[in-house]
Amino acid sequence: MAISCTPAINNLPLNRHPTPVSITVNNERYFADHPLLLQLDRCSDSTQLKQIHARMLRIGLFSDPYSASKLIQVAAYSEVSSIQYAQKVFDQIPRPNLYSWNALIRSYASSQEPVNALLIFIKMLHGSDELPNKFTFPFLIKASALLSALSVGKGLHGMVLKSEFGSDLFVLNSLIHFYGECGCFDMAYRVFMSMPKRDVVSWNSMIVGLAQGGYAEESLDLFFRMEGENVRPNDVTMIGVLSACAKNLDLELGRSMHLYIRRNGIKESLVLNNAILDMYVKCGSMEDAKRLFDKMGVKDIISWTTMLVGYTKVGDFSAARSLFDTMPCQDIAAWNALISAYEQNGNPKEALATFNELQLRKEAKPDAVTLVCVLSACAQLGAIDLGGWIHVYINKHGINLNCHLTTALIDMYSKCGDLEKALEVFHSVDNRDVFVWSAMIAGFAMHGRGREAIGLFLKMQEAKVKPNSVTFTNLLSACSHSGLVDSGRGIFNQMESVFGVVPGVQHYACLVDILGRAGNLEEALDVIDNMPISAGASVWGALLGACRLHGNIDIGERACSNLLELEPQNDGAYVLLSNIYAKSGRWDKVSELRKLMRNSGLKKEPGCSLIEVDGNVHEFLVGDNTHPLSKNIYVKLDEIATRLTSVGYVPMKSQLLQLVEEEHVQEQALYLHSEKLAMAFGLISISPSQPIRIVKNLRICGDCHAAAKLISKLYNREIVLRDCYRFHHFKGGSCSCMDYW
DNA sequence: TTAGGGTTAG
C-alpha cells in the first residue's frame, strides 16, 4: 500500500480555512480533513446538508471518492435526512469506488429495508469491477440477519470462506450474530469456536443471541466461561446476561448481577439501567424496580414504559394508568403496552376505550402492534364491525401484513363468526408461519369444519412449515368438534413419532374429549389411566363433559371428584355433574350438590352474552333488565315464547341447576338466560339481512340451543353464536354443530 | 465495520 501526502487542490476557494491536506492511498486521493467535510460532521439539518452537497459539487470535492462517501453516510445517518437522499448522492458519483459502495450498503443495512443492501451488492458485483472487502461483508451479513435470510447468509458465509477474510474478527462476529438471529445456534457456536481470536463482541454476540433465542441457561453458562477465560465483560454483555435472568425468572441471580455490575465497574448507561429495570419487572419485583427507577438520574421513555408494564404485571392497573398519565411523553409503544395489558388481562372493553383515546388525542400513530392488540380485543368481544374497520384501516394505510397481523386478523374473523373472511385473509398472504397456519386450523376447528382443518394441515406440511404443540391442540380440537374419532386417534399417535412433538396435558385432554364425546368413555378412561404425565384438570373436565353428554353417572362422579381435587373452586364441575343428575331425574343429588357448592362458598359463574350492534358491544347477564331497551326486549321474549310453544316446543328443565317446583317458574328461569335476551335484542335491532352474532362466556345451554334452532326457522334469521367452546351457526331450524357439542 | 433496553399473534 502506497501512502503519500500532497498539498491540497490549490485553486479551490478555501482562503478562510487552514490548508487542507489530501492523503493518497493506492493512487487515490482523500481529503480527510477538508473544512467542508468537518462541516459535514457537524451538519444538523437537511438544508445545511444540501448546501454542503452543492458546494462540494461546485468546488469539485464531490469527485473525491472519500468525500462523496462521507456525504452518503451523513445523508443516511443524520436524523434530518434520508436513505433516498443518500441514494441520490450515490447516483451522482460517476464511477463509485468500493468505499462508496460500502457506504451505501452500510446505509441500507441499517435502514427500514435492509434487503436493498443485498440488492446494491448484487449491482456492485455485476455493474462494477469492485469486489467485496472485509468491510462489505459485515454490512451484508447484518442485512441478512435483519431479514432472517438464512440461505443468503449461508451463501455469504461461503463467499467469506473462499475469500481472504475467512478469519477476520469483524466478519466472524457478524456471522455469529447472524446465525443467532436465525436461531441456528449450533452454527453460531461452530463459528465462535473456530475463531483464531475472540474479542468481547464475539462473546457478547453468542451470549445475547442465546438469551434472546430462549436458551437462557446456555447463555449464562457462556458468561461464566467468559469470566473463566479472563475476558472482561462490558455493558452489552451484562444486558444479555440480565435478559437471560429475566427469561429464567431468576430474581436472585438477577440481583447478584446487578451487584456484579456495581462492583466490577461496568460502565453505567441508560440502556444498561433499563435492562436491569426490565429484569426486575419480569421477575415480578416492583420494589427493586421502583428503587432503581427512583434513583436513575437519566430516564427515557423506555424506562417509563418498563415501569408501566411492571405495574400491569402485578395487576395494579390504576398505578399503571397514573404512571402513563405522568410520563413526560407517550409514544406508540407506551400506548401499546397499556392497550395490550388491558386486552391480555380480560378487559378487552378497556383496551378498545384506550385505543379510542389514542385516536382522539392523535399524539401517536397506531402501528402494527397496536392493531394486533385491538384485533385481539375485538376477537374476545366478538366485535366484528370494529374488527372489520381495523382491516380496512390496515389496507388504507398500506400497513404491511406481517405474520402477527395476519394471525390476529384470521383469529378475529374466526372468533367473530366470519370464517370465509378469515380464509380470504389466509389466502391473500404469501408469508405464513406456524402461527398463521395454526390460527386458520383453529378457525376451522371452532366452526366444526374438521375435515378442512385436516386438509389444511396436509397443505402446511407441503409448505414445509413445522407444526408445533399448538398446531396439534387445534387439530385435535377440530377432530373433537366434528366427531372425527379415527383421525383424532391417528393424529395423536403420530404427534411424537412423526413430528417430534411430545403430547402435553392439553393434547391428552383433546383425545379424551374426542373419545368421550363419541361415547367411548371406557377407552377415554383407559387413556387417562395410562398417561405418562399426571392428568390435569382439563383432562378430567373433558371426561366429565362427555359423561354429561352420555348421562353416565358413575364415571361422571369419578371425573368430578378428581377435577375438584385439583381445582376445588371449579364451579363448572358442579354444574356439569348437576346436569347429569338432573337428566336422570336425580333431583335429590342436584340439591345436595347445590348445598355443597353453597357451603364451599362457590357460586356458578353468571352467564353473560355479548352482542355488537352498530359498532357498540351490548352485554346481557341472566335476567338482566338494565338495558335501555329492556322493556322492548321482554315484550319480544314473550312473543318468542308464544311462537315457540305454538310449534310444539317444550322447555328442557334438565338444564336448570336446581329443582323449582312450579312449572311456570321453571320455564321463566330458562327464558331469562343471557343468550335468549341477546337473541331477542338482536331480533329487534339488527337488520334482517344481517346475521345475529352473539358471544357467550359459558357453554350454551341445551334449552337455548333448541330454542335458537327454532327461532332461526320461525323468524327466518341466521344466528351465529360463539360459546366458550365452539361456534353454532343456526339457520333454517338446524345448527352447524349437528347437535354434536 | 461487528454485539445492547420497553409494546404484538395461535
Side-chain angles (χ1 to χ4, degrees), chain A residues 73 102-103 105-106 109-110 133-142 145 165 168-178 180-181 199-209 211-212 234-243 246 269-279 281-282 300-310 312 330-341 343-344 364 367-376 379 402-412 414-415 433-443 445-446 467-471 473-474:
Chain A
Q73 278 179 24
N102 281 346
I105 290 171
R106 179 190 176 198
S110 320
N133 67 1
K134 63 175 184 172
F135 293 97
T136 325
F137 282 115
F139 306 142
L140 295 171
I141 296 166
K142 182 183 179 174
F165 314 113
D168 181 84
L169 184 64
F170 284 77
V171 174
L172 294 176
N173 284 347
S174 306
L175 279 169
I176 295 174
H177 173 241
F178 161 76
E181 282 286 298
D199 69 354
V200 68
V201 178
S202 328
W203 287 91
N204 289 353
S205 301
M206 269 318 292
I207 290 171
V208 171
Q212 289 181 345
N234 65 11
D235 49 339
V236 179
T237 324
M238 299 319 294
I239 289 164
V241 170
L242 288 161
S243 144
S269 68
L270 178 61
V271 176
L272 181 55
N273 272 334
N274 283 344
I276 304 170
L277 210 56
D278 181 57
M279 178 276 296
V281 159
K282 293 224 166 88
D300 66 0
I301 194 149
I302 294 184
S303 334
W304 285 90
T305 311
T306 306
M307 288 301 285
L308 188 156
V309 170
T312 65
Q330 294 108 341
D331 69 355
I332 191 61
W335 281 95
N336 291 345
L338 195 61
I339 294 172
S340 144
E343 178 264 310
Q344 301 263 320
D367 64 4
V369 177
T370 326
L371 302 174
V372 167
C373 299
V374 175
L375 284 168
S376 291
N402 62 22
C403 287
H404 280 270
L405 255 182
T406 308
T407 305
L409 272 173
I410 292 173
D411 186 50
M412 182 277 293
S414 301
K415 287 189 177 152
D433 68 359
V434 62
F435 280 81
V436 174
W437 285 96
S438 305
M440 199 59 246
I441 290 172
M446 66 181 96
N468 64 16
S469 155
V470 178
T471 319
T473 307
N474 298 346

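Here the structure is a predicted model, which is why all the values come from computation and not from measurement.
- One atom, CD1 of Ile239(A), and another, P of dG6(B), lie 10 Å apart when rounded to the nearest Å.
- Heavy atoms of Phe139(A) sit under 4.0 angstrom from primed sugar atoms or phosphate atoms, though from no base atom.
- Each of dG4(B), dG6(B), dG10(B) was ranked by its minimum atom distance to the side chain of Val236(A); first place goes to dG4(B).
- A close approach under 4.0 Å does occur between a side-chain nitrogen or oxygen of Ser340(A) and OP1 or OP2 of dT8(B).
- When heavy atoms are screened at a 4.0 angstrom cut-off, Lys142(A) is found touching the sugar-phosphate backbone but no base atom.
- If you check distances only, the side chain of Thr305(A) does reach the base of dG6(B) with a donor-acceptor pair under 3.5 Å.
- In the model, Ser202(A) has a side-chain atom that pairs as donor or acceptor with a side-chain atom of Asp199(A) under 3.5 Å.
- Residue Asn234(A) places its side chain closer to dA3(B) than to any other of dG10(B), dA3(B), dG6(B).
- Checked against Ile239(A) for a side-chain contact (heavy atoms from CB on, under 4.5 Å), the options Ile207(A), Leu272(A), Val208(A) give a single hit: Leu272(A).
- For the pair Phe139(A) and Asn102(A), the minimum side-chain heavy-atom distance is below 4.5 Å.
- In this structure, of dT7(B), dG6(B), dG4(B), it is dT7(B) that holds the atom nearest to the side chain of Val369(A).
- Distances were taken from every side-chain heavy atom of Pro138(A) (C-beta onward) to each of dT1(B), dG6(B), dG4(B); the shortest belongs to dT1(B).
- Among the protein residues, Gln330(A) comes within range of no part of the nucleic acid, since none of its heavy atoms lies under 4.0 Å from any strand.
- Remark: ring of Phe170(A) stacked against base of dT1(B); centroid gap under 5.5 Å, plane tilt under 30°.
- Going from atom CD1 of Ile276(A) over to atom P of dG4(B) covers 18 Å, rounded to whole Å.
- Rounded to an integer number of Å, the gap from Asn173(A) CG to dG4(B) P is 12 Å.
- The base of dA3(B) does not come close enough to the side chain of Ser205(A) for any donor and acceptor atom to sit less than 3.5 Å apart.
- One atom, CG of Leu270(A), and another, C1' of dG4(B), lie 12 Å apart when rounded to the nearest Å.
- If you take NZ of Lys415(A) and P of dG10(B), they are 6 Å apart, rounded to a whole angstrom.
- Between the CG atom of Asp300(A) and the P atom of dG6(B) there is a distance of 11 Å, rounded to whole Å.
- Looking at heavy-atom distances under 4.0 Å, Asp168(A) makes no contact with the nucleic acid at all.
- For dG10(B), the base has a donor-acceptor partner in the side chain of Ser438(A) [N/O atoms by modelled type, under 3.5 angstrom].
- Listed pair Lys282(A) / dG6(B) meets the phosphate criterion, a side-chain N or O lying under 4.0 Å from OP1 or OP2.
- Judged as a salt bridge (charged side-chain N to carboxylate O under 4.0 Å, His left out), and not counting sequence neighbours, Lys142(A) has no contacts.
- Closest to the side chain of Phe435(A), out of dT2(B), dG10(B), dG6(B), is dG10(B).
- For the OP1/OP2 pair of dA3(B) and a distance below 4.0 Å, the side-chain nitrogens and oxygens of His177(A) include at least one atom meeting the criterion.
- Evaluation of the salt bridge (charged side-chain N to carboxylate O under 4.0 Å, His left out) rule for Asp235(A) yields Lys267(A) as partners, not counting sequence neighbours.
- In this structure, Val200(A) reaches neither bases nor backbone, as no heavy-atom distance under 4.0 Å exists between it and the strands shown.
- Looking at the side chain of Ala439(A), the nearest of the listed nucleotides dG4(B), dG10(B), dT1(B) is dG10(B).
- When each of dT7(B), dG4(B), dT1(B) is scored by its nearest atom to the side-chain atoms of Asp235(A), the top-ranked nucleotide is dG4(B).
- Rounded to whole angstrom, the span from the CD1 atom of Ile332(A) across to the C1' atom of dT7(B) amounts to 9 Å.
- Ala334(A) comes within 4.0 angstrom of a base, heavy atoms only.
- The side chain of Asp331(A) lies closest to dG6(B) when the candidates are dG10(B), dG6(B), dA3(B).
- Within the nucleic acid shown, Ile301(A) comes within 4.0 Å of at least one base atom, counting heavy atoms only.
- With no hydrogens or angles considered, a side-chain donor-acceptor pair links Asn133(A) and Thr136(A) at under 3.5 Å.
- Atom OG1 of Thr237(A) and atom CG of Asn234(A) lie 4.0 Å apart (nearest 0.5 Å).
- Per the geometry, CG belonging to Asp199(A) stands 12 Å off C1' belonging to dT1(B), to the nearest Å.
- At a threshold of 4.0 angstrom between heavy atoms, the contacts of Asn273(A) with the nucleic acid are absent.
- As judged by a 4.0 angstrom heavy-atom cut-off over every strand, Val201(A) is placed among the base-contacting residues.
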